[in-house]
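Atoms within each ligand, like the ligands themselves, are counted from 1 in listed order. Note: hydrogens, waters and symmetry copies are ignored here, and every other heavy atom, side chains too, is used.
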Amino acid sequence: MIEFKGVSKTYAGSDRPVVNDLTFNIEDGEICVLVGPSGCGKTTSMRMVNRLIEPTEGEILIDGEPNTSMSGTQLRRKIGYAIQQIGLFPHRTIADNIATVPNLLGWDKGRMKERVDELMDLVGLPADQYRDRYPAELSGGQQQRIGVARALAADPPIMLMDEPFGAVDPITRDRLQNEFLRIQQDIKKTIVFVTHDIDEAIKMGDKIAILKEGGILAQYDTPENVLVNPASEFVQSFVGGDRVLKRLSLTRVGDVDLDPPTANGHDLPRIREEWTLRDALSEIIGAGADRGVVVQNGDGNGASSGTITLNSIREISHGAGAPRG
Ligand SMILES: Nc1ncnc2c1ncn2[C@@H]1O[C@H](COP(=O)(O)OP(=O)(O)OP(=O)(O)O)[C@@H](O)[C@H]1O
């Protein structure tokens, strides 16, 4: 667990904190997304975890121990770091880039090679094809995968990720996010993830910490609760007007109570169980129908497990209400 306890940061030469009295806990195996407008202190907050920046007040505990009591080597072993600018070394091969931290930790060559191959496989770039290339020979999306692999290299329990999928087009970004969520199901790291994009925060976060100007924590909650019960006008406007749609993108068709299969459903749109309600809504409306036939497997030809209607989607979306208090 990572615990922020009354953490503030005021940079030298300024009289105003950019991070102000942050107190919250990040549970093991969870992705906590720090999100908020530009300059609200997201990166500063994250970099205090691995002590690239020291707080002026308060402390950060990792598994109950203040991070100030840990050596540089201990912090590197415990905490991986992936950033938007990627920071791959241009004159080192992909394999050497990924092995940066194991190298610093003095791993032997065989163990390093094995780990590099395993990670390249994990992020979907076959080692025999890519290990000896240089960063400039990879696309932006491939470079970001390598950035993530490098951060994972020494198998740290904690990962800090600063806009790790920021510098690519929206489609590649969506793919990288999905891949990473799939990987996370297996590796279960404790992750601090910085983004300025609320949609990314809602998609990636088990919890979201919404910061506002001056580094003040506006709300810390699950994506669902942030959408349903925004704690203030600020959170409500930051989350945006299409909260109902965002909420629908949190729920999969397969997770809701369906109506029974219809007998004459040939003309109805096919809705896959793994789709989100938002995808289902768009497919049903696009087909000019009021319901769709839910099918079980990915190719759309599977057995029908039921019917989903516009009415039931509307009922589910009703939870998105006014701000609390
Ligand atoms: N080394 C520094 N010295 C002085 N001020 C700094 C320093 N680093 C950041 N700041 C200031 O602290 C504030 C918070 O910066 P930070 O990078 O943490 O914000 P952010 O929320 O990550 O922003 P962005 O989304 O734009 O990256 C900003 O006003 C920034 O100008």
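Atom 25 (O) of ligand 1 has its closest protein heavy atom at K42 NZ, 2.8 Å. At the shortest separation from atom 5 (N) of ligand 1 among protein heavy atoms lies Y11 CD1, 3.3 Å. Counting protein heavy atoms only, atom 19 (O) of ligand 1 is closest to G41 N, 3.3 Å. Protein heavy atom nearest atom 17 (O) of ligand 1, with residue, atom name and distance: T43 CB, 3.7 Å. The protein atom (non-hydrogen) at minimum distance from atom 28 (C) of ligand 1 is G39 O, 4.0 Å. For atom 26 (O) of ligand 1, the closest non-hydrogen atom on the protein side is S38 OG, 2.6 Å.
A distance-only check finds a donor-acceptor pair linking the side chain of N67 to the backbone of M48 [under 3.5 Å].
Under the 30°/60° scheme for interplanar angles, the aromatic rings of F24 and Y220 are found to be tilted.
Atom CZ of R131 and atom CG of L119 lie 11.5 Å apart (nearest 0.5 Å).
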*After noting the C-alpha distance and the side-chain angles of N103 and T100, does the key distance pass the side-chain hydrogen bond (donor to acceptor under 3.5 Å, both in side chains) rule?*
CA-CA 5 Å; N103 215 350; T100 304; over 6 Å; no
*Quick one: do Y134 and R92 satisfy side-chain hydrogen bond (donor to acceptor under 3.5 Å, both in side chains)? Show the steps, please.*
CA-CA 6 Å; Y134 289 88; R92 290 196 202 157; over 6 Å; no
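In terms of N/O distances under 3.5 Å, ligand 1 is not approached by V18.
Numbered from 1 in the order shown, with element, the atoms of ligand 1 that lie under 4.0 Å from a heavy atom of C40 read 19 (O), 21 (O).
Both the sub-6.0 Å distance and the 45° axial angle are satisfied by R150 relative to the ring of F89.
Per-atom contact check: atom 7 (C) of ligand 1 touches the protein, criterion being a heavy-atom distance below 4.0 Å.
Under 4.0 Å from ligand 1, heavy atoms of T44 appear from its side chain as well as its backbone.
The salt bridge (Lys or Arg N to Asp or Glu O under 4.0 Å) with D155 is formed by just one residue from the set R77, K189, K78; it is K189.
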